[in-house]
Amino acid sequence: MELKNVLLEKDSNIAVITMNRPKALNSLNSETLKELDKVIEVLEKDSEIYAVVLTGAGEKAFVAGADISEMKDLNEEQGREFGLLGNRIFRRIEKLDKPVIAAVNGFALGGGCELAMACDIRIASIKAKFGQPEVGLGITPGFGGTQRLPRIVGVGKAKELIYTCDIIKADEALKIGLVNKVVEPEVLLEEAKAMAKKIAQNAPIAVKLCKDAINRGMQVNIDDAIDIEAYDFGKCFSTKDQKEGMTAFIERREKNFQNK
């Protein structure tokens with residue numbers, strides 16, 4: 001697979017995706033989105049990868065947004081298709097059966113903020129900045145911003161950020177729950193990889209089922225959500241890793257999970 005705008009590296013059970021258009025502040029054009037789609041497809045099929053880190057190349061930007069030069073002359077139908085393309089790929093990230101940690105190293109604006117929100121966990125550099133400035137360009141957020149932002153930070157705060165185009169710093173993003181953690185720039189990737197490795201030490205199937213239960217359960221009422229949890233809980237007992245984990249606990253020895 002030949003990639004130019006998106007890089008994929010693997011380190012044991014961890015994968016690192018890097019958005020690689022630093023001169024364009026890693027902005028998302030159609031080509032870049034399609035490359036990202038190919039990378040996610042590879043990871044969907046890779047049973048040896050247990051956790052993923054997603055970051056941006058360079059020091060200035062995670063992803064500064066969608067590529068305005070590509071968008072500016074789109075008509076209504078083309079705009080809808082571009083939005084659907086981004087949404088389909090970001091939804092694929094959200095549904096990936098491995099946790100995805102966004103390591104946000106700079107600007108995460110518009111499509112960049114939306115990409116970070118499609119990840120499970122967000123760790124930000126103190127230099128990171130977040131925002132949905134689309135209405136200042138005459139458009140709405142188009143890659144899930146109107147849906148994920150209120151789910152993460154609450155409806156009122158999401159409307160404030162989207163309506164005003166305010167760009168917030170990492171400390172404010174942490175305060176409102178948009179990010180999980182803020183660290184110094186030089187240790188950002190190290191922190192994200194460390195968290196990914198910590199996740200990868202646990203039973204991969206159980207982690208996958210936790211992600212499924214949380215994501216699906218958040219979209220339904222509590223009674224249906226509990227049914228989802230019970231189903232995923234039960235599935236764990238068909239795995240060798242459940243037997244290994246509980247046997248190791250009883251025998252007071254190290255666990256040896258095999259993703260089976």
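If you read the sequence from its start, that first residue is 1, and numbering goes on from there. Please read all numbers here as calculations on a predicted model, not as lab measurements.
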May I have the list of side-chain donor-acceptor pairs in residues 166-175 shorter than 3.5 Å, sequence neighbours left out?
from, atom 1, to, atom 2, distance (Å)
D166, OD1, T164, OG1, 3.4
D166, OD2, T164, OG1, 3.2

Please output the side-chain donor-acceptor pairs of residues 56-69 that fall under 3.5 Å, not counting sequence neighbours, one pair per line with the distance.
from, atom 1, to, atom 2, distance (Å)
D67, OD1, S69, N, 3.1
D67, OD1, S69, OG, 2.4
D67, OD1, E70, N, 3.4
D67, OD2, R21, NH1, 3.4

Could you go through residues 115-137 and list every donor-acceptor pair under 3.5 Å that involves a side-chain atom there, pairing it with any protein atom two or more places apart or in another chain?
from, atom 1, to, atom 2, distance (Å)
D120, OD2, V100, N, 2.7
D120, OD2, K211, NZ, 2.9
R122, NE, L178, O, 2.6
R122, NH1, A116, O, 3.0
R122, NH1, C119, O, 3.0
S125, OG, K127, N, 2.9
Q132, NE2, E134, OE1, 3.2
Q132, NE2, E134, OE2, 3.0

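Shown here are the side-chain hydrogen bond (donor to acceptor under 3.5 Å, both in side chains) partners of N256, two or more places apart in sequence or in another chain: there are none. Residues passing the salt bridge (Lys or Arg N to Asp or Glu O under 4.0 Å) test with E94 are R91, R148, sequence neighbours excluded. Evaluation of the side-chain hydrogen bond (donor to acceptor under 3.5 Å, both in side chains) rule for E81 yields no partner, not counting sequence neighbours. Applying the salt bridge (Lys or Arg N to Asp or Glu O under 4.0 Å) test to K10 and every residue at least two apart in sequence or in another chain returns D46. Every residue was checked against the salt bridge (Lys or Arg N to Asp or Glu O under 4.0 Å) condition with E254, not counting sequence neighbours, and none meets it.
Taking all atoms of both residues into account, the shortest heavy-atom contact from V220 to A225 is CG2-N, 3.6 Å. Residue P150 comes nearest to G145 through the heavy atom pair CD-O, 3.7 Å, listed as atom of the first residue, atom of the second, then distance.
Sorted by first then second residue, the side-chain hydrogen bond (donor to acceptor under 3.5 Å, both in side chains) pairs that include residues 190-203, not counting sequence neighbours, are K181-E191.
Under a 3.5 Å cut-off, the side chain of D97 and the backbone N or O of E44 do not form any donor-acceptor pair. T247 contributes a side-chain N or O that, together with a main-chain N or O of K243, makes up a donor-acceptor pair within less than 3.5 Å. Judged by distance alone, with hydrogens and angles left aside, the side-chain atoms of D11 form no donor-acceptor pair with the main-chain N or O of I14 at under 3.5 Å.
Clustering of Ile, Leu, Val, Met, Phe, Trp and Tyr by side-chain heavy atoms under 4.5 Å joins L25 with none of the others. Residues I222 make up the rest of the hydrophobic cluster containing I226, defined by ILVMFWY side-chain heavy atoms closer than 4.5 Å, directly or through other members. As a member of the Ile/Leu/Val/Met/Phe/Trp/Tyr network built from side-chain separations under 4.5 Å, I205 groups with L209.
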